[in-house]
Amino acid sequence: MRSVDIIGVGITNFGKHIETSLVELGGRVAIEAIKDAGIKPSQINAGFFANMQAANIFTDFTVGQNVFWQAGINSVPVFNIENACTSGSSAFNLAWMGVASGMYDIAIVVGAEKLVVPNLGLMQAGSTELDTLEGLVVPNAFAMRANLHMATYGTTKEQLAMVAVKNRRHAGLNPLAQFRSPITVEEVLNAPMIADPLTRLSCCPNADGAAAVVLCASDYSRQYTSRSVNVAASVLVTGSYENPCNMAQWDADRRASSIAYERAGLGPQDLDVVECHDAFTISEIVHYEGIGLCPEGEGGRLLESGATSLGGKIPVNPSGGLLSKGHPVAATAVAQIVEGVRQLRGEAGACQVEGAKVFMAECMGADKAGDIKSCTVNILQN
Amino acid sequence: MNNDLKPVMEGIFEVGPPSRLNGAICPECNKKFFPKPMVCPHCLGEVQNIELSTEGKIYTYSILRTKPPYGLPQPYAVGWVDLEADGLRIFSLLDPDRISDLDFGKRVTLRVGAIGVDNNGQACLRYYFTPKDGGEQ
């Protein structure tokens with residue numbers, strides 16, 4: 001496998017893009033990333049487009065070709081990818097593999113999603129799944145984990161709420177985030193209850209948005225830019241679906257990050273900044289444990305110590321995370337990688353972690369048998 | 001119980017009394033499954049139908065307070081129930097009338113009843129577990 005760099009990025013703000021089509025959102029970030037990379041569209045050998053809900057909401061499918069055509073990309077292979085919340089990072093993993101293998105020299109990834117539509121309802125796994133028919137929706141799947149984590153390890157409701165408070169404080173520094181006003185622990189706890197113990201402010205809001213990255217074989221990246229960032233590891237795993245499943249931990253986080261650390265020759269102590277999939281407050285706490293920032297069961301206390309705040313030992317979600325930015329599903333995991341590139345380039349503005357050299361993006365998608373459907377870990381390095 | 005109602009998914013349970021969940025066992029791997037898989041996912045051998053235990057205890061649960069799907073009551077509870085006799089942890093609706101009695105480790109019993117609607121908006125039967133009176137651990 002060859003070394004692969006990221007040479008260009010593009011991103012929209014996350015929020016309401018009512019007047020902008022999905023294809024235009026995707027096109028904008030593709031154009032921005034291509035210009036940022038300093039290449040011509042004709043130099044791109046393949047395009048990977050991630051989207052989850054367009055077929056469901058707009059009866060739009062095979063959207064990638066429309067997106068890439070606007071950015072001057074045609075004739076080359078184009079793939080349309082869905083993998084729930086990891087749709088974007090799955091597209092990234094495939095693009096990385098394509099370049100690392102030598103099949104392509106330059107590839108582009110775009111993740112785009114439009115979810116701000118009336119009466120979208122609660123997301124669920126699909127109407128043919130038994131668990132869905134028995135009442136499983138995404139918020140109660142995470143609420144069951146939260147209740148179990150509290151009962152097993154003594155994690156508190158206040159610690160859960162502090163995740164939302166921290167990420168909102170970070171979002172105040174990020175002009176692209178959807179919700180930027182500070183909130184308090186009391187406001188999170190007293191917000192309308194969705195699924196005990198998760199209130200509305202403990203759940204990520206819907207959003208529209210898009211993000212893009214251009215990958216290039218490291219041998220050639222210097223020809224185009226002096227601001228390239230290396231992909232030290234790109235890993236995707238799925239659940240093991242063993243029964244009974246320990247739902248107080250995410251084994252997939254542990255497996256994916258272990259593989260990524262080994263490939264990168266790094267460990268959790270080497271990370272300078274992390275973006276993780278904080279779809280719900282409990283998620284971020286369990287991810288701390290899964291990727292090795294703290295021992296099992298210590299996530300709530302790590303958060304409370306301030307270690308994961310900007311200025312702390314290992315800032316997590318300095319962008320404000322999904323809890324503040326919103327969660328345009330297929331854009332989310334590409335946006336995490338864009339945030340990482342900006343951190344390692346020193347271009348993250350007020351969210352910058354000083355001197356950041358190593359970044360991890362963790363993302364997780366969908367439930368199956370009490371386990372998860374997919375988990376991605378990408379490590380970027382300067 | 002209204003016997004004209006269909007189960008929320010065909011083949012998942014037998015309507016009693018006593019109602020039973022339809023599981024499966026792989027005789028080679030001695031592993032049990034719910035719901036029944038096409039073949040054993042470990043050895044790809046044929047699996048045999050079995051009736052699962054109707055008794056279990058709550059591993060974890062949550063109560064959904066917001067607008068429910070499938071015409072379920074508001075609020076309603078779901079959870080993962082350990083069928084200790086089968087070594088299986090299964091997802092289930094929990095008795096909407098007993099939400100205040102739910103707890104970790106609570107002993108529960110299987111029931112089937114008319115709750116909510118199916119994918120076609122028709123009233124249907126769902127399996128659920130209800131707390132056993134006096135059986136708390």
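As a basis for the values below, the full set of heavy atoms in this structure was taken, side chains included, without hydrogen atoms, waters or symmetry mates.
- In this structure, Phe58(A) places its CZ atom where more than 12 heavy-atom neighbours from other residues, nucleotides or ligands lie under 6.0 Å away.
- Interface remark: Ala146(A) contributes no atoms to any contact with chain B (heavy atom separation under 4.5 Å).
- Ion pairing between Arg89(B) and Glu242(A) fails under the 4.0 Å rule for side-chain N and carboxylate O.
- For Glu46(B), the CD atom counts as loosely surrounded, since its 6.0 Å shell holds 12 or fewer non-hydrogen atoms of other residues, nucleotides or ligands.
- If you take CD1 on Ile58(B) and CG on Leu148(A), they are separated by 12.5 Å, rounding to the nearest 0.5 Å.
- A distance of 12.0 Å separates CG in Leu198(A) from CD1 in Ile63(B), rounded to the nearest 0.5 Å.
- Note: Asn119(B) leads Leu72(B), Asn119(B), Asp82(B), Val8(B) in heavy-atom pairs under 4.5 Å with chain A.
- Looking at Tyr61(B) and Asp196(A), their side chains never come closer than 4.5 Å, going by heavy atoms from C-beta outward.
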Given Met144(A) and Val78(B), is the side chain to side chain contact (heavy atoms under 4.5 Å, CB included) satisfied, shown in steps?
CA-CA 8 Å; Met144(A) 286 190 287; Val78(B) 295; 4.1 Å; yes
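- With chain A as the partner, the residue from Arg65(B), Arg126(B), His42(B), Lys32(B) showing the most heavy-atom pairs under 4.5 Å is Arg65(B).
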Could you give me the CA-CA distance, side-chain angles and deciding distance for Phe104(B) and Thr152(A), then say whether side chain to side chain contact (heavy atoms under 4.5 Å, CB included) is met?
CA-CA 10 Å; Phe104(B) 294 92; Thr152(A) 308; over 6 Å; no
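- Proximity to chain A (any heavy atom under 4.5 Å) is restricted, for Phe34(B), to the side chain, taken from C-beta onward.
- Atom CG of residue Asp131(A) and atom CD1 of residue Ile90(B) lie 9.5 Å apart, to the nearest 0.5 angstrom.
- Heavy-atom contacts from other residues, nucleotides or ligands closer than 6.0 Å to CD of Glu158(A) number more than 12.
- A donor-acceptor pair is defined here as one N or O able to donate and one able to accept, closer than 3.5 Å; such a pair exists between the side chain of Tyr59(B) and the backbone of Met247(A).
- Side chain of Asn243(A) to backbone of Leu88(B): no donor-acceptor contact under 3.5 angstrom is found.
- In this structure, OH in Tyr76(B) is found 10.0 Å from CD in Glu134(A), a value given to the nearest 0.5 Å.
- When atom types are taken as modelled, the side chain of Thr66(B) and the backbone of Ile194(A) share no donor-acceptor pair closer than 3.5 angstrom.
- In this structure, the separation between CG on Leu136(A) and OG on Ser62(B) is 8.5 Å, given to the nearest 0.5 Å.
- Within the model, atoms OG1 of Thr132(A) and CZ of Phe91(B) stand 8.5 Å from one another, a figure rounded to the nearest 0.5 Å.
- With a 4.5 angstrom heavy-atom cutoff, Ile12(B) touches chain A only via side-chain atoms.
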